[in-house]
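This report concerns only the one structure given below.
Protein chains get the first letters and strands the later ones, always in sequence-line order, with residue 1 at the start of each.
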Amino acid sequence: MNIKLNHREIARQLDRSAGKLERGTLDELRLARQHALQYQRVAPSFRPNRDGVLFGHLQLSRRALSWGVAALVATVLLANLAFQHHVHERNHGNIDIAILTDEMPVDVYVD
Amino acid sequence: MSMSIERTLSLFRFLLFGFALSALPLSAFAQSWEKLSTQQQDILAPFANSWNALPEEEQHNLLGIARRYPTLSPEKQQRLHEQIDKWSRLTPEQRTRAREKYQAFSRVPAEKREAVKQMVREQQAAGAASAVQPGIPSR
């Protein structure tokens with residue numbers, strides 16, 4: 001038997017089945033639901049307002065926010081600089097080894 | 001008005017952060033010759049006297065060479081030993097110029113590069129022969 005049910009039909013069937021459950025079982029299910037709702041985490045909201053930004057229960061002042069953004073941008077900048085520096089030096093190191101192990105004498109490359 | 005001052009201050013803070021932090025890795029790098037390991041000192045021996053006066057970038061390059069030295073083939077290690085003495089006698093500017101010339105030479109077509117190498121080999125052979133010549137006793 002292959003019956004296709006839409007979500008409303010499924011909900012109706014579930015309600016009907018729930019109505020047939022014993023009183024004790026229903027109470028336990030209700031209690032479990034209340035427990036689950038109690039421990040449910042509320043996603044922190046990120047809401048800017050006139051005094052700064054409200055992140056969950058934490059109020060950040062404009063000053064703190066600007067320092068935070070500055071620190072974040074500086075960290076990204078620093079990481080980028082460090083990476084560029086690393087790549088640049090690695091390239092230099094590779095060239096130095098190539099020159100020093102080359103068949104041609106170093107003098108050839110000196111003015 | 002106060003908003004624009006605050007924005008300017010924020011920008012200033014950001015720039016200050018950037019400059020202060022970007023200077024850290026370079027200034028934190030400098031190493032004295034005495035602090036190098038014995039193996040590093042052996043490989044970089046020709047730089048012993050000039051090491052502490054070298055720019056940090058040069059020190060870093062040389063330490064990179066010392067780090068990669070054990071991974072080179074014995075022939076390349078030998079060649080590096082032969083050349084590093086001359087390399088140490090160059091000024092940092094000459095080394096920079098040498099790198100540029102090496103890179104330019106690498107871009108030359110392979111057959112032309114080989115022709116130049118052949119010419120250098122012949123010059124070296126001729127130089128070695130003329131150096132040996134005076135030593136041969138005349139009869």
Rounded to the nearest 0.5 Å, what's the gap from OG1 on A:Thr101 to CZ on B:Arg79? Could you check? 8.5 Å
Would you find more than 12 non-hydrogen atoms of other residues, nucleotides or ligands less than 6.0 Å from A:Asp15 atom CG? yes
Residue pair A:Val106 / B:Gln83: nearest heavy atoms and the distance that separates them: N-OE1, 2.9 Å
Any chance you could lay out the side-chain contact (heavy atoms from CB on, under 4.5 Å) test for A:Tyr109 and B:Glu100, step after step, and finish with the verdict? CA-CA 9 Å; A:Tyr109 302 110; B:Glu100 288 168 1; over 6 Å; no
Answer with side chain, backbone, both or neither: which region of B:Tyr69 has an atom nearer than 4.5 Å to a non-hydrogen atom of chain A? neither
CG-CZ distance between A:Asn94 and B:Arg99, expressed to the nearest 0.5 angstrom: 11.5 Å
Minimal non-hydrogen separation, A:Asp102 against B:Lys117, with atom names: OD1-NZ, 4.1 Å
Value for OH (B:Tyr102) from CD1 (A:Ile95), rounded to nearest 0.5 Å, stands at 8.5 Å
Most heavy-atom pairs under 4.5 angstrom with chain A, which of B:Leu62, B:Leu80, B:Thr96, B:Val116? B:Leu80
Partner chain B: residue of A:Val110, A:Asp107, A:Ile99 with the largest heavy-atom pair count (under 4.5 Å): A:Ile99
With a 4.5 angstrom heavy-atom cut-off, which part of B:Ile65 approaches chain A: side chain, backbone, both or neither? both
CD of B:Glu122: more than 12 outside heavy atoms within 6.0 angstrom? yes
Report the C-alpha distance between A:Val108 and B:Lys101 in whole Å, list the side-chain angles of each, state the deciding distance to 0.1 Å, and finish with yes or no for side-chain contact (heavy atoms from CB on, under 4.5 Å). CA-CA 9 Å; A:Val108 173; B:Lys101 285 181 87 173; over 6 Å; no
Measure the shortest side-chain to side-chain distance between B:Gln124 and A:Pro105 over non-hydrogen atoms and say whether it is less than 4.5 angstrom. yes
Considering residues, nucleotides and ligands other than B:Arg113, do more than 12 of their heavy atoms fall under 6.0 Å from its CZ? yes
Taken to the nearest 0.5 Å, the spacing of A:Leu100 CG from B:Asp85 CG works out to 11.0 Å
Let me know if B:Gln103 has heavy atoms under 4.5 Å from chain A in its side chain, its backbone, both or neither. side chain
Tell me whether A:Glu103 is salt-bridged to B:Arg121, with the criterion being a basic N under 4.0 Å from an acidic carboxylate O. yes
Mind ranking B:Gly64, B:Ser73, B:Ala98 by heavy-atom pairs under 4.5 Å with chain A and telling me who comes out on top? B:Ala98
